[in-house]
There are 2 protein chains.
Amino acid sequence: MRSYEQYCAVARALDVVGDRWSLLIVRELILRGPCRYTDLRHGLPGIATNLLADRLGELEKAGIVEKVDAPPPVATSLYELTPRGRDLGPVLESLGRWGSVLMETGRRGDQFRSHWLAFPISRLVDAAPEAPPVTIQLRTGDQPMVVETASGSVRARPGTIEDPDAVLAGPPDAVLGVLVGRMDLAKARRRGLRFEGNVAALERIRPSR
Amino acid sequence: MRSYEQYCAVARALDVVGDRWSLLIVRELILRGPCRYTDLRHGLPGIATNLLADRLGELEKAGIVEKVDAPPPVATSLYELTPRGRDLGPVLESLGRWGSVLMETGRRGDQFRSHWLAFPISRLVDAAPEAPPVTIQLRTGDQPMVVETASGSVRARPGTIEDPDAVLAGPPDAVLGVLVGRMDLAKARRRGLRFEGNVAALERIRPSR
DNA sequence: CGGCATCCTCTTTGATACTG
DNA sequence: CAGTATCAAAGAGGATGCCG
C-alpha cells in the first residue's frame, strides 16, 4: 500500500495493514494458527492467488507473518504469526465487535467458513461457571464445530463430539443468531435452523454484552 | 469498496470502513468534532479532493457521517459523526496502539498536524491525581496545543495558555517522544527539541502502558 | 474562496492460465 | 501443492473547471 505519509500512529498502522485482504489474512492465522498456502486460500474465499502471495510477502517483510518449514510429517511450509502479528488481535476484536451488528442482515449469498464462528463465540459467556459443562455440536458451513464451556468461558473448535447437549444445524445466520441470543428458536427455525437436544443448554451461553 | 462477500463480522466491517482514507476521515471527525470540508482536507494531507467527496458520500450512506447545516454564524455545512460513527473509537484506539511503536522511527518527511497528538496523549496518565494540575504548552506542527491534567487523566486541546509549567517546541517526533516518556530530554534536545520550564512537570505525565 | 465534479494517467486488483 | 505470469477492469492520484 502506498504510504499515507502522515506522522500519526493510525496512519502508520494502516500503511502496514490497511491493504485490501491484509487484515483478513491475519484473521485466518489468528483463528486457525499456522496455515499452509492452500489453507489460507480456503479460508479467504474470493482472494486472487497472486494477491495472496503478494500480501504474504508484504506481511513477512513487515514482521507480521513468518514462513517456516513444517515439521517432518508435512512436506510443505507454513505461515504463522509473529508476536507482532498476534498483537493485531485487539484490532480484529474491535473491528469484529463493530461489525457484529452488520451480521443481523443474514447472508446476501456471502461465503461462509465454520471457523469464523470462533470470533463471536469467544465473546459469549458461561452464565453459571459452577454448573456442569455444556457442549453443543454445530453443523453449518464447511466443517462441524464443537462449542464447549470451560471454567466460565465459551470456546469453539473444529470437530465432533459424542452426546452433545444440543445440535444446531442449518444456515449460518440462524445458527449464529441463536448462539448469540439475537434470534429466538422459533424465528431461527423459520429461517431453516434444525435444532435437537436440550434448549436449556442454550441458556447456559449468553452474550457478554 | 468492493465487498469481500464473507459472512464474518470483520469482513463486513471492512466492507464499510476498509477503503483507503475512510478510517482517517473518521479519525479527523473524532479528534476535531464537526468539520467543514476544508477542515477535513487540511487534516488529511495527501487526499485527492474527489476522493474526499466520494468517501464522505459513502460514509454518509453507511450511516457513519452526517452532513448538517451549520448554525447561522457559519455559512457552510458541517460533517459530523453519527453515534454509529463514534462507535468506531475503539477501532481507532486499537489501531493507534498497535501503530504507536511505528512512531519511534521519527519522520521520513511525513506530514504532521498538531491535533493528531491528542490520541497518544489521551493514553498518558497523571501519576498523582491529588497533586496540583500540570499544564504544558506544545509548539510543534501547524498550531499550538495545550496539554493539561484533569482529575487523574491527561488531555490535549488546541490553544495557548499563560504561564505553563513547561514549553515543548521543535520536531514532532522529539516532542512526542518526550511526552510519552520514550525519549529522554538529552536525546530529544539532540533531535531539535527546545525545552523550557519545569522538568518535574514531565514526570507528572506517564505512559499508562 | 469553499465545495465539489470532470478528465486523464498511473497503480492496484481480480480472474484465469500456466509451471516446478 | 504452492505459487508465478498475464492481462483486463477498477480504483487512486493529480490537475483543472465550474458554480454559488
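Identified under the ring-ring contact (aromatic ring centres under 6.0 Å, His included) test for residues 88-124 of chain B, with sequence neighbours left out: none. Counting only residues at least two apart or in different chains, ring-ring contact (aromatic ring centres under 6.0 Å, His included) contacts with residues 15-36 of chain B comprise A/Tyr4-B/Trp21. The stretch residues 169-180 of chain B participates, sequence neighbours left out, in these salt bridge (Lys or Arg N to Asp or Glu O under 4.0 Å) pairs: B/Arg107-B/Asp173, B/Asp173-B/Arg191. Residue pairs meeting the side-chain hydrogen bond (donor to acceptor under 3.5 Å, both in side chains) criterion with at least one partner in residues 153-167 of chain A, sequence neighbours excluded, are A/Glu148-A/Arg157.
By the 4.0 Å N-to-carboxylate-O rule, B/Arg36 lies close enough to B/Asp39 to be salt-bridged with it.
In this view, A/Leu193 and A/Leu168, A/Ala174, A/Val175, A/Val178, A/Leu185, A/Ala188, A/Phe195 satisfy the side chain to side chain contact (heavy atoms under 4.5 Å, CB included) rule, not counting sequence neighbours. When the side chain to side chain contact (heavy atoms under 4.5 Å, CB included) test is applied to A/Ile121, the partners found at least two apart in sequence or on another chain are A/Leu117, A/Leu124, A/Leu138, A/Val147, A/Val154, A/Ala156, A/Leu179. By the salt bridge (charged side-chain N to carboxylate O under 4.0 Å, His left out) test, B/Arg27 is found to be paired with no residue, residues two or more places apart in sequence or in another chain being considered.
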Anything under 3.5 Å between a donor and an acceptor, one on a side chain of residues 60-67 of chain B, the other on a protein residue two or more places apart or in another chain? List them.
none

Show me the donor-acceptor pairs, under 3.5 Å and distance only, between side chains in residues 47-59 of chain B and residues at least two apart or in other chains.
unit_1: B/Thr49; atom_1: OG1; unit_2: B/Tyr37; atom_2: OH; d: 2.8
unit_1: B/Arg55; atom_1: NE; unit_2: B/Arg20; atom_2: O; d: 2.8

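Along DNA chain D, the stretch of nucleotides lying under 4.0 Å from any heavy atom of chain A spans, 5' to 3', D/dC1 to D/dG14.
Phosphate contact (OP1/OP2 of C/dC4, side-chain N/O of B/Tyr79, threshold under 4.0 Å): present.
Of the residues in residues 11-28 of chain B, not one places a heavy atom less than 4.0 Å from an atom of DNA chain C. Using a 4.0 Å cutoff on non-hydrogen atoms, the parts of residues 39-56 of chain B near DNA chain C are B/Thr49, B/Asn50, B/Ala53, ordered by number.
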